[in-house]
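Basis for what follows: all heavy atoms, side chains included, without hydrogens, waters or symmetry-related copies.
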Amino acid sequence: SSWWSHVEMGPPDPILGVTEAFKRDTNSKKMNLGVGAYRDDNGKPYVLNCVRKAEAMIASKKMDKEYLPIGGLADFTRASAELALGENSEAFKSGRYVTVQGISGTGSLRIGANFLQRFFKASRDVYLPKPSWGNHTPIFRDAGLQLQAYRYYDPKTCSLDFSGAMDDISKIPEKSIILLHACAHNPTGVDPRQEQWKELAAVVKKRNLLVYFDMAYQGFASGDINRDAWAVRYFIEQGINIVLAQSYAKNMGLYGERAGAFTVICSDAEEAKRVESQLKILIRPMYSNPPLNGARIASIILNTPDLRKEWLVEVKGMADRIISMRTQLVSNLKKEGSSHNWQHITDQIGMFCFTGLKPEQVERLIKEFSIYMTKDGRISVAGVTSGNVGYLAHAIHQVTK
Amino acid sequence: LAAYRTDEGQPWVLPVVKKVEQMIANDHSLNHEYLPILGLPEFRANASRIALGDDSPAIKENRIGSVQSLGGTGALRIGAEFLRRWYNGNNNTATPVYISAPSWENHNSVFVDAGFKDIRTYHYWDAAKRGLDLQGLLDDMEKAPEFSIFILHACAHNPTGTDPTPDQWKQIAAVMKRRFLFPFFDSAYQGFASGSLDKDAWAVRYFVSEGFELFCAQSFSKNFGLYNERVGNLTVVGKDTDNVQRVLSQMEKIVRTTWSNPPSQGARIVATTLSSPQLFAEWKDNVKTMADRVLLMRSELRSRLESLGTPGTWNHITEQIGMFSFTGLNPKQVEYMIKEKHIYLMASGRINMCGLTTKNLDYVAKSIHEAVTK
């Protein structure tokens with residue numbers, strides 16, 4: 001007999017299931033709108049030019065492969081903090097922050113979750129927006145915290161339930177942890193406007209909540225890195241010492257290289273040093289020290305003026321293509337004669353769009369049109385191209401008319 | 001952190017690694033897309049094959065699984081997290097975990113952070129005779145509660161450099177089988193220890209042939225010199241395919257909340273190398289180069305100490321294996337080495353053999369002589 005007879009088969013990943021089914025489909029018109037990775041207008045993965053240039057620079061330098069420090073590549077973590085906080089940020093300039101390299105967004109979120117579990121004794125509760133990225137819940141749970149929710153998405157309007165959010169947040173017990181998506185909310189694509197962010201900051205401050213920002217799409221949402229980081233920077237300026245997870249998977253296309261960072265804004269530089277020492281104690285028994293390749297590529301891009309400029313152009317290019325696909329989808333739906341209000345498709349931002357389609361309608365899209373998405377009606381706009389947007393609009397119209 | 005050094009005292013990027021990196025850089029069909037959660041399939045299969053052997057019955061019977069991990073540490077952590085959740089009941093944090101005395105200092109933290117509450121040591125190093133305390137080890141295994149987990153160093157024990165002989169491994173395996181103890185191997189130095197991949201994997205393969213279900217955390221940091229790319233693999237050997245599949249499905253969930261999916265660069269280098277007969281041969285050659293240099297430094301240091309007539313016996317220096325050696329120097333002697341001779345070793349008397357070069361051998365030998373004779 002085996003030690004493992006009682007081990008249950010883990011449930012299949014819902015998003016992977018979409019891709020598996022897509023792969024098996026033989027329809028030439030099939031579309032995979034479950035994919036959480038950027039695709040170019042030919043539906044192909046896109047390796048940024050600035051990434052290729054950085055890689056060439058790395059190859060020519062013939063560096064050794066010595067271990068990174070536990071906290072990661074210093075040039076990378078510093079540049080990451082500056083990217084998020086802004087070069088003129090008082091918190092950045094005074095050094096009252098610590099940034100450690102993390103394994104992309106997930107790894108950075110997990111380091112932060114473990115850190116809060118160990119050192120934030122005031123509460124075990126993490127408040128997530130309803131809905132949130134599916135992996136947030138198990139990450140915080142595995143770190144030993146409990147999950148709660150605040151209203152966020154309004155399915156009736158396919159937009160932000162701002163009064164519901166404010167109402168719920170104003171009742172969150174003091175000193176709880178609240179997670180906010182910095183921009184391009186996943187999965188809804190619904191972000192607060194700046195005026196709404198101001199009110200959120202005020203209520204969060206009033207409730208004395210610990211704010212955990214997840215920023216996986218800086219630059220990728222609006223095309224402007226400063227605009228996408230506005231909420232993060234505003235909160236800090238309001239005296240809210242946030243914690244922050246960043247990812248370079250999407251905005252630099254470094255998905256499999258796992259480049260990310262976790263930041264804690266502290267009272268002062270001395271506190272930051274103490275926090276850093278504890279973060280290292282958490283990281284060491286997890287994987288000792290982080291992988292170099294992705295962080296080095298990101299660091300070279302951020303720290304080389306020409307490459308940084310080129311990156312900003314390319315990230316805007318990706319964001320613009322997404323925005324253009326949203327616009328084309330809506331106009332094609334109108335052309336099809338759809339009488340529904342599809343404004344939310346262009347109001348929403350980032351890689352994902354909550355179409356508002358119901359499970360039965362999603363089922364039909366999959367079965368009759370070979371268009372694959374998750375049951376909640378979420379599509380990855382990155383999977384839409386000028387070549388297939390017409391077909392998508394036609395299909396959506398067919399199942400909603 | 002310990003890493004290999006050349007005779008010039010420099011880090012060494014393996015020639016085969018440089019070659020493969022160039023191949024990867026020139027291949028514009030490659031991109032940076034996510035790897036699957038459990039890692040690059042070609043890496044996983046090849047990595048486990050290296051540990052278990054081409055002719056492994058477990059591989060033939062399709063009862064092995066692999067999880068690409070962030071270095072050996074990452075593999076240990078995933079294994080530990082899984083064991084805490086699923087071994088010896090559900091979420092049984094009370095299962096004793098036994099770590100050798102001494103061991104790599106991070107072992108303890110890995111299992112503590114994975115949630116285990118009862119971490120114990122088992123006798124290993126006999127300071128008096130400067131060798132393995134086999135009887136103490138076996139006694140601890142006899143007394144350990146059934147189902148306890150034992151962390152075993154597959155070869156090149158860190159920090160003592162002292163490994164059980166094949167006969168001693170057989171005795172260890174017999175006790176573990178009788179008392180239902182779980183073997184969790186840490187294999188960070190395969191190939192790097194003796195120069196032979198097969199020889200360094202003997203213990204792991206013996207346990208497999210004895211029918212154990214086991215975990216083996218593999219690191220490719222040292223034997224591929226890929227330290228900062230974090231290339232590791234957790235090999236799972238089970239009773240049958242079905243059990244292994246269910247184990248992997250749960251490990252996938254653990255990976256998903258720890259790092260989602262592993263980094264691709266290092267795994268690609270290893271997979272490319274291991275799946276090409278020519279590159280594989282080149283790699284084995286590079287590994288032997290490193291192992292041979294360390295073995296040479298051991299024999300040269302020992303012969304110098306014996307020529308000098310340094311009091312004590314010094315055969316342990318060549319009998320020990322791998323990157324580290326427990327010299328047997330006491331704390332006072334160590335302090336002398338550090339303060340007077342500027343030779344840095346741990347308070348335990350552990351020396352990193354990679355720090356020895358043909359240029360400094362005489363100096364180190366003389367210094368040890370002085371430390372012992374003062």
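Of residues 235-245 of chain B, those residues lying under 4.5 Å from chain A by any heavy-atom pair are K239(B), N243(B), Q245(B). Residues of residues 106-117 of chain B lying under 4.5 angstrom from chain A, judged on non-hydrogen atoms, are N106(B), S109(B), V110(B), D113(B) by number. Using a 4.5 Å cut-off between non-hydrogen atoms, the part of residues 104-114 of chain A that approaches chain B consists of T106(A), G107(A), R110(A), N114(A).
Of the residues listed (K44(A), K250(A), R39(A)), the one engaging E33(B) in a salt bridge (charged side-chain N to carboxylate O under 4.0 Å, His left out) is R39(A), and it is the only one.
Between L83(B) and W4(A) the shortest heavy-atom distance is CD2-CH2, 3.6 Å. Heavy atoms only, all atoms of each residue included: S264(B) and E257(A) are closest at OG-OE2, 3.1 Å.
For E252(B), the salt bridge (charged side-chain N to carboxylate O under 4.0 Å, His left out) criterion is met by no residue, not counting sequence neighbours.
The local environment of CD in E146(B) is crowded, with over 12 non-hydrogen atoms from other residues, nucleotides or ligands closer than 6.0 Å.
In this structure, F180(B) has its ring center at least 6.0 angstrom away from the ring center of W3(A).
Of the atoms belonging to L76(B), not a single heavy atom falls under 4.5 Å from chain A. Using a 4.5 Å cut-off between heavy atoms, F82(B) contacts chain A through its side chain alone, with no backbone atom that close.
In this structure, the separation between NE2 on H32(B) and OH on Y248(A) is 16.0 Å, given to the nearest 0.5 Å.
Note on E105(B) versus R284(A): salt bridge recorded, some NZ/NE/NH1/NH2 to OD/OE distance being below 4.0 Å. With salt bridges taken as basic N to acidic carboxylate O contacts below 4.0 Å, one links K65(A) and E229(B).
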